[in-house]
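A quick write-up on the structure given underneath.
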Amino acid sequence: MPESTTRNDGRAPGALRPITLERGASLYAEGSCLITAGRTRVLCTASVEQGVPGWRKGKGEGWVTAEYAMLPRATGSRNRRERGQVGGRTQEIQRLIGRSLRACVDMAALGEWTITIDCDVLQADGGTRTASITGGAVALHDACAWVAEKTGAPSAFRHFVAAISGGLVGGDLLLDLDYSEDVRAEVDLNVVAREGGGLIEVQGTGEHGDFTPEQLAQLVGTASSAIRQLNGMQRGAVG
């Protein structure tokens with residue numbers, strides 16, 4: 001990516017925002033992580049229950065699922081809480097988080113246990129879904145360790161998964177968009193990958209324009225490099 005682009009916070013086009021992963025942020029959850037990415041903050045908690053959904057019973061395999069919510073004052077004005085039926089955007093985000101985090105775990109090794117990752121956005125400034133995946137993987141790691149200690153079996157956690165956003169903003173290719181960049185983006189992209197570089201999901205949308213295969217390859221390549229950095233942070237967080 002060109003290094004001449006000037007961003008609001010002075011970052012280079014391909015640079016991450018300052019990121020911290022606070023493991024064990026919740027006293028009661030079997031696994032938890034408070035992730036901060038710039039001004040975005042998401043609390044990820046993992047809850048473990050014995051048993052699996054009815055459609056998985058008898059298979060000897062576990063299940064990992066996710067829920068996502070934004071607190072009313074996570075943004076500049078108050079949002080109503082979603083009660084009962086959640087909105088389409090929320091459903092799409094939590095399905096993405098669930099799909100991504102299931103890639104961390106060997107379901108057969110987990111056995112018939114269900115782990116639910118709750119991702120609650122405390123403060124939103126872009127990248128809440130990608131932060132939820134990155135922080136959620138740390139919470140999931142510790143939840144799998146909790147199950148392993150409970151059962152005496154090896155942990156079912158296999159590898160970390162992380163995610164990052166990117167996009168085309170004012171004709172420039174940028175990584176890890178904050179809200180002011182995301183809202184202006186001609187192209188919005190989310191990349192999810194696991195340790196070792198295998199892609200889990202790539203979501204790319206031309207919001208106010210289009211993009212070329214070459215631009216897509218450049219964005220995915222830069223995002224993959226950033227995800228390797230995030231994997232290192234995740235490993236550092238769990239020791």
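Remember, it's a predicted structure, so these values are computed and weren't measured experimentally.
Trp63 and Ile97 fall into different hydrophobic clusters, where Ile, Leu, Val, Met, Phe, Trp and Tyr residues are linked whenever their side-chain heavy atoms come under 4.5 Å apart, directly or through other members. No path of Ile, Leu, Val, Met, Phe, Trp and Tyr side chains, each step under 4.5 Å between heavy atoms, connects Val183 with Leu174, placing them in separate hydrophobic clusters. By the criterion of side-chain heavy atoms lying less than 4.5 angstrom apart, applied directly or through intervening Ile, Leu, Val, Met, Phe, Trp or Tyr residues, Ile19 is not grouped with Leu122; the two fall into different hydrophobic clusters. Cluster membership check: Ile200 shares its hydrophobic cluster with Leu96, using side-chain heavy-atom separations under 4.5 Å among Ile, Leu, Val, Met, Phe, Trp and Tyr. Linking Ile, Leu, Val, Met, Phe, Trp and Tyr residues whenever their side-chain heavy atoms come within less than 4.5 Å leaves Tyr179 and Val121 in two separate clusters.
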message: Let's go through Gln215 and Leu173 carefully: what are the C-alpha distance in whole Å and the side-chain angles of both, what is the deciding distance for side chain to side chain contact (heavy atoms under 4.5 Å, CB included) to 0.1 Å, and is it a yes or a no?
response: CA-CA 8 Å; Gln215 289 171 322; Leu173 296 173; 4.3 Å; yes
message: Would Gln203 and Glu92 count as a side chain to side chain contact (heavy atoms under 4.5 Å, CB included) here? Give the steps.
response: CA-CA 12 Å; Gln203 297 181 332; Glu92 185 268 326; 3.2 Å; yes
- prompt: Step by step, would you call Asp120 with Val42 a side chain to side chain contact (heavy atoms under 4.5 Å, CB included)?
  reply: CA-CA 6 Å; Asp120 292 297; Val42 184; 5.8 Å; no
Side chain to side chain contact (heavy atoms under 4.5 Å, CB included) evaluation trace for Leu189 with Ser165: CA-CA 6 Å; Leu189 189 79; Ser165 68; over 6 Å; no
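Under a 3.5 Å cut-off, the side chain of Glu181 and the backbone N or O of Asp178 do form a donor-acceptor pair. Proximity of a side-chain donor or acceptor of Glu61 to a complementary backbone N or O of Leu110 within less than 3.5 Å is not detected. Side-chain N or O atoms of Thr128 include none that pairs as donor or acceptor with a backbone N or O of Ala124 at under 3.5 Å. Without hydrogens or angle criteria, Ser224 side chain to Val220 main chain gives a donor-acceptor distance under 3.5 Å. Listed for the Gln123 side chain is a donor-acceptor partner under 3.5 Å among the backbone atoms of Arg39. Side chain of Gln94 to backbone of Tyr68: a donor-acceptor contact under 3.5 angstrom is found. The closest donor-acceptor contact from the side chain of Arg194 to the backbone of Gly198 lies at 3.5 Å or more, if one exists at all. Of the possible polar contacts, none joining the Arg11 side chain to the Gly14 backbone as a donor-acceptor pair under 3.5 Å is found. For Ser225 (side chain) and Thr222 (main-chain N/O), no donor-acceptor pair under 3.5 Å exists by modelled atom type. Remark: the backbone N or O of Phe157 is paired with a side-chain donor or acceptor of Ser155 at under 3.5 angstrom.
Checking Asn8 against Ser180 by side-chain atom types alone, a donor-acceptor pair falls below 3.5 Å.
Once rounded to the nearest 0.5 Å, the distance linking OG of Ser26 with CG of Leu43 reads 6.5 Å. Atom OG1 of Thr36 is separated from atom CG of Leu21 by 8.5 Å, given to the nearest 0.5 angstrom. A distance of 8.0 Å separates OG in Ser47 from CD1 in Ile117, rounded to the nearest 0.5 Å. Atom OG1 of Thr45 and atom CG of Leu140 lie 12.0 Å apart (nearest 0.5 Å). With rounding to the nearest 0.5 angstrom, the OG1 atom of Thr40 is 12.0 Å from the CZ atom of Arg129. The structure places SG of Cys144 at 11.5 Å from CH2 of Trp146, a figure rounded to the nearest 0.5 Å.
Looking at Gln50 and Thr114, their side chains never come closer than 4.5 Å, going by heavy atoms from C-beta outward. The closest side-chain heavy-atom distance from Leu16 to Leu175 is below 4.5 Å. Looking at heavy atoms from C-beta onward, Arg23 lies in side-chain contact with Asp142 at the 4.5 angstrom threshold. Between Val48 and Val147 the shortest side-chain heavy-atom distance falls below 4.5 Å.
The two residues Ala46 and Ala139 come nearest to each other via the heavy atoms CB-O, 3.6 Å. For the residue pair Met70 and Thr75, the shortest heavy atom distance occurs at SD-CG2, 3.8 Å. Residues Gly170 and Glu186 share a closest heavy-atom pair of N-OE2, 2.7 Å. Closest of all the heavy-atom pairs between Asn231 and Ala162 is ND2-CB, 3.8 Å. Between Val52 and Gly62, the shortest heavy-atom contact is CG1-CA, 3.9 Å. For the pair Leu71 and Arg81, the tightest heavy-atom approach, listed with the atom from each and the gap, is CD2-NH1, 4.5 Å.
Relative orientation of the His141 and Phe160 rings is parallel, given thresholds of 30° and 60° on the angle between their planes.
With respect to Arg56 and Glu112, no salt bridge is recorded, no charged nitrogen being found less than 4.0 Å from a carboxylate O. Ion pairing between a basic and an acidic side chain is recognised when a charged N comes within 4.0 Å of a carboxylate O; Asp9 and Arg17 show no such pairing. Under 4.0 Å is where a charged nitrogen must lie from a carboxylate oxygen, and between Glu22 and Arg41 no such pair does.
Under the salt bridge (Lys or Arg N to Asp or Glu O under 4.0 Å) criterion, Arg158 pairs with Asp106, sequence neighbours left out.
Within a 6.0 Å sphere centred on CD of Glu82, heavy atoms belonging to other residues, nucleotides or ligands number more than 12. Counting non-hydrogen atoms of neighbouring residues, nucleotides and ligands closer than 6.0 angstrom, the CZ atom of Phe211 exceeds 12 such neighbours.
Each of Val192, Ile164, Ile227, Leu230 was scored for a side-chain contact (heavy atoms from CB on, under 4.5 Å) with Thr134, with one residue passing: Leu230.
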